[in-house]
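Values reported hereafter were calculated over all heavy atoms of this structure, with side chains retained and with hydrogens, waters and symmetry mates removed. One-based numbering, in listed order, for ligands and for the atoms of each. Numbering starts at 1 and runs along the sequence shown.
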Amino acid sequence: MNIWPLTAEPPFTVGGVELTAIAERFGTPAYVLDEEHVRHRCREYRKALHPHRVAYAGKAFLCRAMVRWVREEDLWLDVCSAGELALARSAGFPPERILLHGNGKTPEDLAAALDYGVGRIVVDSSTEVTRLAALADDLRHPQKVLVRVTPAVDPHVHRAIATGVEDQKFGLSLASGAAAEAVRRVLGQPSLTLAGLHCHIGSQIGLTDGYETAARRLVAFMAELGGLPELNLGGGHAVAYRPGERGLDVQTFADRVPYAVASECAARGIPRPELTVEPGRAIVAAAGVTLYRVLGVKHGVRTFVVVDGGMSDNPRPALYGSRYAVALAGRRGAADSRPVTVVGRHCEAGDVIAADVPLPADVRPGDLLAVPCTGAYHHSMASNYNQVTRPPVVAVRGGRAWPLVRRETPEDLIRRDVG
Ligand SMILES: *Cc1c(COP(=O)(O)O)cnc(C)c1O
């Protein structure tokens with residue numbers, strides 16, 4: 001699986017634009033996003049999964065252009081906060097194709113969703129059912145909801161991203177009866193309609209067997225309820241971050257998982273529900289490349305290459321021990337390479353972009369570095385740690401580059417400080 005954008009000629013151009021030209025014009029660090037790659041992945045998913053529904057999980061990366069692309073490619077959109085919803089709304093995403101999920105929705109999240117008329121709300125607790133029912137009381141039509149179920153499937157990924165096992169904060173347990181209790185509550189509320197069940201078993205899942213098991217367990221529960229119109233199997237499809245790694249193959253997923261649903265439905269004598277899948281990372285991760293400028297090279301026990309970004313634009317190595325590939329992007333380096341550790345500028349020893357990666361032996365201050373596969377959970381997880389301003393997002397396509405999100409400035413930071 002390719003870790004670079006579809007249109008890249010790594011490590012020098014993306015979308016027909018020289019990375020050095022982007023760095024000159026927009027500064028560094030900068031996130032570069034390949035529009036064609038995003039659209040291509042949307043189409044691949046739509047085609048492989050037809051006639052099932054594909055919803056893009058906006059938390060991976062969202063800005064108004066992304067909302068438009070997803071809309072034009074006919075996907076649905078997952079949001080998990082009033083903020084993400086406001087972005088979708090401001091770009092005119094059709095409300096009936098929006099799902100709101102989250103384990104702790106605030107009254108403001110719920111009110112914003114009802115106000116815009118989102119298609120589905122995924123409920124995550126019994127108290128949320130009651131709260132939502134009260135808020136939905138004066139709607140003209142009942143609000144369609146899905147109940148988020150914990151199917152007790154362990155996808156064998158990092159603990160921080162295993163969301164379908166019993167002992168974590170998401171969803172309602174099948175085993176304990178909590179899911180059944182939430183279903184009873186939904187059915188008892190005239191302002192709500194139970195559209196179906198939802199699960200999301202984790203992230204960076206490379207094999208389909210966990211999805212098949214989860215799907216069969218949810219269908220079994222559906223059968224106890226006499227069948228339901230919809231089954232949402234969440235996202236979590238893995239991508240390759242480094243050469244030689246493999247992501248989840250969408251065609252294999254499409255060949256196997258709907259079949260598991262259909263056969264389980266047949267065995268239990270219920271009609272097949274409409275299926276939805278919610279990829280986030282798999283749509284946008286490999287579309288993104290982050291550009292950094294080398295500030296210094298420090299030789300010691302190991303060689304540290306210090307760049308002008310770090311954990312504020314990519315917290316994933318610190319959070320999950322994620323590993324990345326790094327390339328020298330501005331020039332052809334020396335033929336021989338040596339292992340270096342690329343680190344950020346933040347006041348943390350754990351502020352590492354990539355440990356022990358090969359770079360040309362003559363890497364030096366002023367060089368431009370490119371880190372591929374940084375389109376998902378980078379901009380959306382960026383922070384202002386050390387009062388560092390967040391990088392811009394620059395789209396590329398057909399030899400043209402243009403800003404989607406501008407670079408943050410110190411004035412932006414000071415404007416919020418009203419005390
Ligand atoms: C995070 C999330 C997704 C997307 O996960 P990826 O790993 O980006 O595919 C989909 N659905 C739900 C409910 C999520 O929380």
Side-chain angles (χ1 to χ4, degrees), residues 1 38 41-42 44-45 48-49 52-62 66 70 75-81 84-85 88 97-105 109 113 118-125 128 145-151 153 155-165 168-172 195-208 210-211 214-215 218 230-241 245 247-250 253 257 275-288 316 319-320 322 373-381:
M1 198 185 237
V38 170
R41 288 297 280 166
C42 289
E44 259 186 348
Y45 264 85
L49 283 155
H52 310 297
R53 233 175 245 157
V54 181
Y56 169 65
K59 72 175 192 269
F61 170 76
L62 210 61
M66 187 71 191
V70 167
L75 273 63
W76 285 46
L77 180 66
D78 253 29
V79 298
C80 62
S81 68
E84 287 183 0
L85 183 61
R97 290 199 339 235
I98 296 180
L99 300 105
L100 173 72
H101 66 89
N103 77 299
K105 300 178 205 71
D109 294 333
V118 303
R120 307 287 181 277
I121 296 177
V122 183
V123 295
D124 205 284
S125 74
E128 186 178 81
V145 303
L146 304 173
V147 171
R148 165 98 177 233
V149 172
T150 311
V153 170
H156 304 292
V157 294
H158 193 287
R159 177 104 195 116
I161 52 174
T163 53
V165 294
Q168 49 77 45
K169 70 173 185 172
F170 293 100
L172 291 145
L197 303 180
H198 179 286
C199 68
H200 171 70
I201 58 174
S203 279
Q204 273 299 78
I205 300 167
L207 300 171
T208 59
Y211 292 103
L218 263 65
E230 297 179 23
L231 176 58
N232 185 321
L233 295 171
H237 303 183
V239 304
Y241 279 90
E245 291 178 358
L248 182 105
D249 179 51
V250 59
F253 182 95
V257 179
L275 291 185
T276 305
V277 297
E278 307 176 318
R281 187 189 319 266
I283 298 289
V284 75
R316 297 190 65 260
L319 276 173
Y320 320 114
S322 310
C373 212
T374 54
Y377 303 104
H378 281 242
H379 180 263
S380 66
M381 283 187 153

* Asked: Between the side chains of Arg281 and Tyr241, does any donor sit under 3.5 Å from an acceptor?
  -> yes

* Does the side chain of His200 come within less than 4.5 Å of Val122's, by heavy atoms? -> no

* What's the shortest heavy-atom distance between Ala240 and Cys373, and which atoms? -> O-SG, 3.3 Å

* Structure fact -> Looking only at heavy atoms, the pair that brings Asn103 and Asp124 closest together is CA-CG, 3.6 Å

* Asked: When the ring planes of His198 and His101 are compared, do they come out parallel, tilted or perpendicular, using 30° and 60° as the limits?
  -> parallel

* Structure fact -> Sorted by chain and residue number, the residues with a non-hydrogen atom under 4.0 Å of ligand 1 are Ala57, Lys59, Asp78, His101, Arg148, His198, His200, Ser203, Gly235, Gly236, His237, Glu278, Pro279, Gly280, Arg281, Tyr377

* Side chain to side chain, Leu275 and Val277, heavy atoms closer than 4.5 Å -> no

